[in-house]
Each structure stands twice: as C-alpha cells, then as structure tokens.
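Before any comments, here is the structure.
Computed over heavy atoms, backbone and side chain alike; hydrogens, waters and symmetry mates excluded.
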Amino acid sequence: MASSIRLRKQTKYTRNTMNTTKHLLELSPRPAIRLSEIDRLIRKHRILVPAPSRPKLIAFCTEGVFETVGNAPTSFGWLVYEDSFLRWVENLGK
C-alpha cells in the first residue's frame with residue numbers, strides 16, 4: 001500500500017516536470033542574423049546586383065525595412081530577424 005502511494009506521488013511529479021519541460025521547449029526565439037551575414041548572402045546569391053552598400057543596409061535597419069533586435073546595434077552589431085530578411089527578399093520580385 002505504501003509503495004503504491006509513493007509511486008502515485010512520483011508519477012505526478014514526473015508528469016508535472018515533463019509538462020513544464022514541454023512548455024519551455026515550445027518557447028522558441030526568432031532566429032536573428034548579423035548584418036554582415038546578410039551582406040554576404042546578398043553578394044553570394046546575387047539577390048541584388050550591385051549589392052547595397054553597408055550604410056544602405058544600416059539605413060534599412062533604422063528605417064524599419066528589416067525588423068531588428070532592438071532599435072540600435074547590439075554588441076554583435078545589427079541583428080536582423082531571419083523571417084524579416086526573407087520577407088524582404090520575397091517582396092523584391094513583386
């Protein structure tokens with residue numbers, strides 16, 4: 001009898017822990033790309049020829065063309081959300 005009560009308590013604890021872990025894993029941050037990587041991708045895949053200059057890419061960040069992490073460069077420089085960059089590339093052909 002005592003072992004079955006202990007087992008039920010242990011199962012309840014495990015279930016709660018697993019639910020908490022599942023909820024934590026569902027919180028996925030938006031991937032961000034450094035502006036230098038965006039510059040490299042534009043040049044490598046010839047998305048725009050000639051490629052925009054670095055000051056023009058920074059202007060895209062400040063004007064809101066690219067969604068960025070914060071309103072100013074971070075310690076890593078400008079970080080642009082990946083989905084924002086991909087949306088911009090899709091809209092170039094329209």
Specify the closest pair of heavy atoms between Pro52 and Ile42, including all atoms of both residues, with the distance to one decimal. CD-CG2, 3.9 Å
Steps toward side chain to side chain contact (heavy atoms under 4.5 Å, CB included) verdict (Ile33, Leu79): CA-CA 5 Å; Ile33 305 173; Leu79 294 177; over 6 Å; no
Specify the closest pair of heavy atoms between Lys94 and Glu90, including all atoms of both residues, with the distance to one decimal. CG-O, 4.0 Å
Say you draw a straight line from CG of Leu35 to CZ of Arg40; how long is it, rounded to the nearest 0.5 Å? 13.0 Å
In Å, rounded to the nearest 0.5 Å, how long is the span from CG of Asp39 to CD1 of Ile58? 10.0 Å
Closest non-hydrogen atoms of Thr68 and Tyr81, given as atom of the first, atom of the second and distance, are O-CE1, 3.6 Å
Show the atom names and distances, to 0.1 Å, of all donor-acceptor pairs under 3.5 Å that link a side chain in residues 70-78 to residues at least two apart or in another chain.
unit_1, atom_1, unit_2, atom_2, d
Thr74, OG1, Phe76, N, 3.1
Thr74, OG1, Gly77, O, 2.8

Which pair of heavy atoms, one from Leu41 and one from Ile47, lies closest together, and at what distance? O-CD1, 3.9 Å
Residue pairs passing the salt bridge (Lys or Arg N to Asp or Glu O under 4.0 Å) test where at least one lies in residues 47-71, sequence neighbours excluded: Arg30-Glu67, Glu67-Arg87
Parallel, tilted or perpendicular for Trp88 and Phe60, by the 30°/60° rule? tilted
Considering only Ile, Leu, Val, Met, Phe, Trp and Tyr, and joining two whenever side-chain heavy atoms are under 4.5 Å apart, list the other residues clustered with Val49. none
